[in-house]
Amino acid sequence: MEKIGKAVVIGGGIGGPVAAMALQKVGIEATVYEAYDGLATGVGGALGLAPNGRQALAAIGAEERVVAAGRPMRSMIMQSWTGKQLGEFTAPDRLPEQLLIWRSDLYRALYDEAADRGIRIEHGKRLVSLDGPVATFADGTTAAGDILIGADGIRSTVRHAIDPNAPAPRYAGLLGFGARCSAEGLVPTGPKMHMVFGKRAFFGYQIEPDEAGWFANLPHPTPMRAAEAQATPAEEWLRRIAETASKDRTPMVDMIRRTRPEDLVITGGLEDIPSVPVWHRGNVVLLGDAAHATSPSSGQGASLAIESAVQLARGLRDLPVQAAFTEYERMRRERVERIIKMASRTNADKAAGPVGRLLRDMLMPIAMKAFADPEKFAWQFDYPIEFDAPVREMVAAR
């Protein structure tokens, strides 16, 4: 079996540093190349780190710092704009608690963990072209490895390089916003995220005694990249979001009014890619959103990227490169595309028109009762990774 000594990882967000740590654990040196000139602190809103994401981090001993940066999110309460509870989702008790964590805090926890392990992360390295596992950056420098991993997001340059006909991101019909605000005077929700199918938009909020956080998904007919949405002043977006939430019987308007414009996170259009046909070519492979971009509605984007990083490293430890890439895709594709499809249905509910909202609110309580048992959707969350188990044995057992 050929010896892999060095890996080039393109993208220093979530999947990239985890991949580098997992590769280090199997004896492969990895350097991460990030397009940002500096740390990407303050980028992105709140997200859920699911039990499966925590399990994957624990498999490489990288969970503790991340857990310290998040807050428990023990269940998700679904409710209508009238305040009526439609249902409650909880993961099985046998699994780790889901965490509510801001993307910038997750990013920084993983960055610091990787740095403490001696992993090199180079900034200001915007990829412009590939020649196999050799990367050329906008500043004229190059980086070469035995393999190259594209963890460079939903608009992956690596994906386009290995497949010029790769599909583009698909707009979900929603714009994303979020913020933290003062919790003083608000009724705490405890470690429960409230998800509101509002009269005109979808909202979420969790209120702790010391801090409150919220997000909003506003239907919008045309796509908007983050930079385009950010061109509108935050004060104007806050006004529009509050007006959109004004008919809903929730604390959302109060929370929005407490939000400072400088604290508003504007993420632009929610997007996904239902299926990426080509995950690897030669000694180049895709990871995270570059391979399986799910919209934020799944609550699984970061967790799936972390899972994939760990599984890829295990395959490269035990198999020749091409066999490892093939087995990695076989282990991952069906699972991630199932979650992407599920999130797409959620987006359709969020962006429903007046008639669709009426039907949704009538039928959802019935649907929720069918899924009252946490085991019915445990497949999303129960994904243990036995890091030391040989990948060959996993293949033989199936």
Side-chain angles (χ1 to χ4, degrees), residues 5-24 28-45 47 62 65-66 69 102-162 164 166 168-169 225-231 262 265-268 271 282-291 293 301-302 305-306 308-309 312-313:
K6 184 178 180 182
V8 170
V9 180
I10 305 297
I14 304 303
V18 176
M21 289 188 277
L23 290 170
Q24 184 188 65
I28 299 172
E29 177 190 353
T31 301
V32 179
Y33 296 88
E34 167 56 47
Y36 276 100
D37 290 328
L39 296 178
T41 52
V43 176
L47 56 86
R65 203 175 217 136
V66 170
W102 288 81
R103 188 191 183 281
S104 59
D105 295 339
L106 175 60
Y107 161 81
R108 189 54 193 258
L110 294 173
Y111 186 98
D112 290 345
E113 185 68 29
D116 284 354
R117 297 182 185 205
I119 291 167
R120 188 157 54 97
I121 302 178
E122 295 199 12
H123 292 272
K125 299 296 180 180
R126 183 173 62 83
L127 181 70
V128 292
S129 65
L130 290 183
D131 182 7
V134 180
T136 298
F137 302 106
D139 63 4
T141 62
T142 61
D146 299 304
I147 60 169
L148 184 143
I149 299 171
D152 52 339
I154 193 169
R155 287 183 168 75
S156 170
T157 301
V158 177
R159 181 176 64 237
H160 183 74
I162 66 172
R225 296 281 289 272
E228 185 182 357
Q230 289 162 6
E262 59 267 30
V265 176
I266 304 170
T267 57
E271 297 175 319
N283 279 28
V284 179
V285 65
L286 302 177
L287 176 74
D289 279 356
I306 293 166
S308 288
L312 176 60

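What's counted below: heavy atoms across the whole structure, side chains too, no hydrogens, waters or symmetry copies.
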Check the pair Thr31 / Arg120 against side chain to side chain contact (heavy atoms under 4.5 Å, CB included), numbers first and verdict last.
-> CA-CA 5 Å; Thr31 301; Arg120 188 157 54 97; 3.3 Å; yes
Output yes when a side-chain donor or acceptor of Glu122 lies under 3.5 Å from a complementary backbone atom of Val32, and no otherwise.
-> no
Side-chain donor/acceptor of Asp152 to backbone N/O of Val158, under 3.5 Å = yes
Does the pair Val284 and Ile147 meet the rule for a side chain to side chain contact (heavy atoms under 4.5 Å, CB included), with working shown?
-> CA-CA 6 Å; Val284 179; Ile147 60 169; over 6 Å; no
So which heavy atom on [X] is nearest to which on [Y], and how close?
X      : Y      : value
Ile121 : Ala114 : CD1-CB, 4.4 Å
Ile14  : Arg103 : CG1-NH2, 4.0 Å
Ala309 : Ala22  : O-CB, 3.9 Å
Ile266 : Ala229 : CG2-CB, 3.6 Å
Ala290 : Arg159 : O-NH1, 3.0 Å
His123 : Asp37  : CB-O, 3.3 Å

About how many Å separate CE of Met21 and CD of Glu113, when rounded to the nearest 0.5 Å?
-> 6.0 Å
Between atom CZ of Phe137 and atom OG1 of Thr157, what is the distance when rounded to the nearest 0.5 Å?
-> 10.5 Å
Pair Glu29 + Lys6: basic N to acidic O under 4.0 Å = no
Start with the C-alpha gap between Leu110 and Val66, add the side-chain angles, then the distance that decides, and say whether side chain to side chain contact (heavy atoms under 4.5 Å, CB included) holds.
-> CA-CA 7 Å; Leu110 294 173; Val66 170; 3.8 Å; yes
Report yes if some heavy atom in the side chain of [X] is under 4.5 Å from a heavy atom in the side chain of [Y]; otherwise report no.
X      : Y      : value
Val8   : Tyr33  : yes
Val265 : Trp102 : yes
Thr136 : Leu130 : no

Within a radius of less than 6.0 Å around CZ of Arg117, do more than 12 heavy atoms belonging to other residues, nucleotides or ligands occur?
-> yes
The side chain to side chain contact (heavy atoms under 4.5 Å, CB included) partner of Ile149 among Asn283, Ile10, Leu23, Leu286 is Leu23
Applying salt bridge (charged side-chain N to carboxylate O under 4.0 Å, His left out) to Glu271 and not counting sequence neighbours gives Arg155
Output all residues satisfying salt bridge (charged side-chain N to carboxylate O under 4.0 Å, His left out) with Asp105, sequence neighbours left out; order by chain, then residue number.
-> Arg180
Test side chain to side chain contact (heavy atoms under 4.5 Å, CB included) applied to Arg126 and Val128, step by step | CA-CA 6 Å; Arg126 183 173 62 83; Val128 292; 3.9 Å; yes
